[in-house]
S.K.: 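For reference, the structure I am asking about is given below.
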Amino acid sequence: MTEYGSFPGARPRRLRTTPAMRRMVAETRLHPADLILPAFVREGITEPIPIQAMPGVVQHTLDTLRKAAVEAVDAGVAGIMLFGVPEDAKKDGAGTAGTDPDGILQVAIRAVKEEVGDELVIMSDLCLDEYTDHGHCGVLDADGRVDNDATLERYAEMAQVQADAGVHVVGPSGMMDGQVGVIRDALDQTGHEDVSILAYTAKYSSAFYGPFREAVGSSLRGDRKTYQQDPANSRESLRELALDLAEGADMVMVKPAGPYLDILARVAESVDVPVAAYQISGEYAMIEAAAEKGWIERDRAILETLTGIKRAGAHMILTYWATEVAKGL
């Protein structure tokens with residue numbers, strides 16, 4: 001007699017025999033509502049500008065951004081994360097275009113809100129890097145270092161103008177100490193108690209951000225290693241997580257996604273708030289480039305990476321394929 005649970009009585013392949021069988025027993029399922037579309041909107045252009053390092057992704061005009069938002073709604077995508085790209089002449093050391101009520105990001109928020117209302121969760125990048133002439137995520141001190149506490153004052157202003165424009169969720173991505181608490185206070189004190197904070201809790205100093213710098217027209221000089229996390233560290237993410245939650249984060253994020261699935265899993269196991277992961281520009285570019293050369297199957301690779309991110313514990317995934325994938329699910 002065969003012992004129960006061993007071969008030949010135990011044959012796991014029985015549950016892989018047909019597509020219908022595999023679908024029935026699948027442990028992880030992607031849904032359009034899991035997906036958030038990052039989108040770039042550029043000031044002063046009349047036609048969308050393709051991003052060379054990210055085939056299929058563009059810097060939008062306000063009109064094409066509106067259309068992209070409608071398309072995302074029709075596909076069932078949950079949200080859109082907006083990044084503003086100002087004219088170079090408007091960049092300065094303090095990133096003042098980022099707190100101008102008529103700055104490109106605030107204008108874009110209002111445009112999307114006017115177009116789709118509450119049918120799409122409108123999110124905004126709350127950071128100075130797109131608006132500073134030095135490209136850093138904060139203001140610099142006399143020695144050229146990012147001044148954490150002075151930057152927090154600017155973030156408080158950004159939170160207010162983005163909320164005034166109608167955003168549902170702000171995403172502070174600068175990795176300044178204390179940023180979530182300062183932003184929460186700023187929102188609450190200006191009557192925006194209902195605006196949520198998606199904290200970039202574990203944002204690593206990654207080599208995979210390269211194409212994003214083209215997407216936002218970055219003016220970065222140097223690197224961001226003094227404020228973004230060291231890829232060698234894991235426990236540090238849990239410390240950042242505890243601080244963000246204590247300061248009032250409604251949701252938390254791990255960025256990048258693919259190279260940090262272990263961090264994502266640890267975060268997801270540790271919290272009772274929604275967890276997001278950002279499949280970033282370099283992750284996107286690698287798959288598109290390899291597929292263009294015929295080295296991998298594009299559609300399968302996209303779904304496999306997204307399934308892996310969700311399997312690791314993400315409730316929400318920011319991905320440049322959001323609308324495309326949602327249409328096919």
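Please read these numbers as outputs of a predicted model, since none were measured by experiment. For reference, positions follow the sequence shown, starting with 1.
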S.K.: Do the side chain of Asp147 and the main chain of Leu140 share a donor and acceptor less than 3.5 angstrom apart?
M.R.: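 Looks like no, no N/O pair under 3.5 Å.
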S.K.: Counting only heavy atoms not in Phe208 (residues, nucleotides, ligands), do more than 12 fall under 6.0 Å from its CZ?
M.R.: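 No, because the 6.0 Å sphere around CZ of Phe208 holds 12 heavy atoms or fewer from other groups.
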S.K.: When rounded to the nearest 0.5 angstrom, what distance separates CD1 in Ile263 from CG in Leu238?
M.R.: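 Going from the CD1 atom of Ile263 to the CG atom of Leu238 covers 7.5 Å.
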S.K.: Output yes when Asp102 and Arg110 qualify as a salt bridge under the 4.0 Å nitrogen-oxygen rule, no when they do not.
M.R.: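 Salt bridge present between Asp102 and Arg110.
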S.K.: Report, as yes or no, whether the 6.0 Å neighbourhood of atom CZ on Arg239 holds more than 12 heavy atoms from other residues, nucleotides or ligands.
M.R.: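 Incorrect, the count does not exceed 12.
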S.K.: Can you tell me how far the OG1 atom of Thr99 sits from the CD atom of Gln162, to the nearest 0.5 Å?
M.R.: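 That separation rounds to 10.0 Å.
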S.K.: For residues Ile80 and Val107: do they belong to one hydrophobic cluster (side chain heavy atoms under 4.5 Å, members Ile, Leu, Val, Met, Phe, Trp, Tyr)?
M.R.: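 Hydrophobic grouping puts Ile80 with Val107.
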S.K.: Can you confirm whether Thr201 sits close enough to Val267 that some side-chain heavy atom of one is under 4.5 Å from a side-chain heavy atom of the other?
M.R.: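 No, too far: nothing below the 4.5 Å cut-off.
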S.K.: For Glu114, what residues pass the salt bridge (Lys or Arg N to Asp or Glu O under 4.0 Å) criterion, not counting sequence neighbours?
M.R.: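 Here the qualifying residues are Arg66.
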S.K.: Tell me whether the NZ or CZ atom of Lys91 lies within the 45° cone about the ring axis of Tyr131 and under 6.0 Å from its centre.
M.R.: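 That pair does not qualify as a cation-pi contact.
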S.K.: What residues form a salt bridge (Lys or Arg N to Asp or Glu O under 4.0 Å) with Glu283, not counting sequence neighbours?
M.R.: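 Expected list: none.
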S.K.: Under a 4.0 Å threshold between the charged nitrogen and the carboxylate oxygen, would Arg42 count as salt-bridged to Glu87?
M.R.: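 Judged by the 4.0 Å cut-off on N to carboxylate O distance, Glu87 and Arg42 do not form a salt bridge.
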S.K.: Check this for me, if you would: do Glu43 and Lys90 make a salt bridge, where the nitrogen-to-carboxylate-oxygen distance has to be below 4.0 angstrom?
M.R.: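 A salt bridge is present here (some side-chain N lies under 4.0 Å from a carboxylate O).
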S.K.: Using only atom types and a distance under 3.5 Å, with no angle test, would you say the side chain of Glu247 pairs donor to acceptor with the backbone of Val180?
M.R.: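 It does hold such a pair.
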S.K.: Any side-chain to backbone donor/acceptor pair from Asp230 onto Asn233? Under 3.5 Å, distance only.
M.R.: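 No, because the side chain of Asp230 does not come within donor-acceptor range (under 3.5 Å) of the backbone of Asn233.
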S.K.: Quick check for you: to the nearest 0.5 Å, what is the distance between Thr319 atom OG1 and Ile36 atom CD1?
M.R.: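 Separation between the atoms: 10.5 Å.
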S.K.: Quiz question: by atom type and distance under 3.5 Å, do the side chains of Thr190 and Gln160 form a donor-acceptor pair?
M.R.: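 No, no side-chain donor-acceptor contact under 3.5 Å.
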S.K.: Could you work out, with ring pair (Phe, Tyr, Trp, His ring centres under 6.0 Å) as the rule, every residue matching Tyr260, not counting sequence neighbours?
M.R.: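 Scan of Tyr260 (ring pair (Phe, Tyr, Trp, His ring centres under 6.0 Å), adjacent residues dropped) gives Tyr204.
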S.K.: Please report the C-alpha distance between Glu157 and Arg154 in whole Å, then the side-chain angles of each, then the deciding distance to 0.1 Å, and finally whether the salt bridge (charged side-chain N to carboxylate O under 4.0 Å, His left out) criterion is met.
M.R.: CA-CA 5 Å; Glu157 295 178 48; Arg154 302 288 295 122; 3.1 Å; yes
S.K.: Identify whether Leu243 and Val170 are in the same connected component of the hydrophobic contact network (ILVMFWY, side-chain heavy atoms under 4.5 Å).
M.R.: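 As far as the 4.5 Å side-chain criterion goes, Val170 and Leu243 are not connected within one cluster.
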S.K.: Salt bridge check: are Asp250 and Arg184 linked by an N-O gap of less than 4.0 Å?
M.R.: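 Yes, Asp250 and Arg184 are salt-bridged.
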S.K.: Are Ile45 and Val58 grouped together when hydrophobic residues (ILVMFWY) are joined by side-chain heavy atoms under 4.5 angstrom apart?
M.R.: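 No: no chain of side-chain contacts under 4.5 Å links Ile45 to Val58.
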S.K.: Would you kindly say whether Ser234 and Arg266 are connected by a side-chain donor-acceptor distance under 3.5 Å?
M.R.: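 The answer is yes; a qualifying pair exists.
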S.K.: Checking Gln229 against Ser205: is there a side-chain donor and acceptor pair closer than 3.5 Å?
M.R.: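 Checked: Ser205/Gln229 side chains show no N/O donor-acceptor pair below 3.5 Å.
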S.K.: Does a side chain donor of either Thr226 or Arg145 reach within less than 3.5 Å of an acceptor in the other side chain?
M.R.: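 Result is no, nothing qualifies.
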S.K.: Could you list the residues that satisfy ring pair (Phe, Tyr, Trp, His ring centres under 6.0 Å) with Tyr155, not counting sequence neighbours?
M.R.: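 With sequence neighbours excluded, Tyr155 shows a ring pair (Phe, Tyr, Trp, His ring centres under 6.0 Å) to no residue whatsoever.
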S.K.: Is a side-chain donor or acceptor of Thr151 paired with a backbone partner of Val139 at a separation under 3.5 angstrom?
M.R.: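 Checking the backbone N and O of Val139 against the side chain of Thr151, a donor-acceptor pair under 3.5 Å is found.
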S.K.: Give a yes-or-no answer on whether the side chains of His192 and Asp164 include a donor-acceptor pair shorter than 3.5 Å.
M.R.: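 On atom types as modelled, these side chains qualify, holding a pair under 3.5 Å.
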S.K.: Tell me whether Glu47 at atom CD has more than 12 heavy atoms from other residues, nucleotides or ligands lying less than 6.0 Å away.
M.R.: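 No, CD of Glu47 has 12 or fewer neighbouring heavy atoms, counting only those of other groups under 6.0 Å.
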S.K.: With distance as the sole test, does Lys113 use its side chain to make a donor-acceptor pair with the main-chain N or O of Gly166 at under 3.5 Å?
M.R.: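 Indeed, once roles are kept as given, a pair shorter than 3.5 Å links the two residues.
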S.K.: So, does His134 use its side chain to make a donor-acceptor pair with the main chain of Gly93 at under 3.5 Å?
M.R.: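 Here the side-chain-to-backbone pair exists.
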S.K.: Does Asp143 have more than 12 heavy atoms from other residues, nucleotides or ligands lying within 6.0 Å of its CG?
M.R.: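 Atom CG in Asp143 is packed in, count exceeds 12.
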S.K.: Which atom pairs, donor and acceptor, lie under 3.5 Å between side-chain atoms of residues 308-317 and protein residues at least two apart or in another chain?
M.R.:
{"unit_1": "Lys310", "atom_1": "NZ", "unit_2": "Arg29", "atom_2": "O", "d": "2.3"}
{"unit_1": "Lys310", "atom_1": "NZ", "unit_2": "Asp34", "atom_2": "OD2", "d": "2.8"}
{"unit_1": "His315", "atom_1": "ND1", "unit_2": "Val275", "atom_2": "N", "d": "2.8"}

S.K.: Hydrophobic cluster membership, with links at side-chain heavy-atom distances under 4.5 Å among I/L/V/M/F/W/Y: are Val161 and Leu128 in one?
M.R.: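 Different clusters.
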S.K.: Can you tell me if CD on Glu236 sees more than 12 non-hydrogen neighbours from other groups inside 6.0 Å?
M.R.: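 Check passes, neighbour count above 12.
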S.K.: Taking a hydrophobic cluster as the set of Ile, Leu, Val, Met, Phe, Trp and Tyr residues connected by side-chain heavy atoms closer than 4.5 Å, whether directly or through intermediates, do Met175 and Ile183 fall within one such cluster?
M.R.: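 As far as the 4.5 Å side-chain criterion goes, Ile183 and Met175 are not connected within one cluster.
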S.K.: Decide yes or no on salt bridge (charged side-chain N to carboxylate O under 4.0 Å, His left out) for Glu240 and Lys203, but give the supporting numbers first.
M.R.: CA-CA 10 Å; Glu240 293 277 6; Lys203 183 179 180 181; over 6 Å; no
S.K.: Sequence neighbours excluded, which residues qualify as salt bridge (Lys or Arg N to Asp or Glu O under 4.0 Å) partners of Glu292?
M.R.: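 Salt bridge (Lys or Arg N to Asp or Glu O under 4.0 Å) list for Glu292, sorted by chain: empty.
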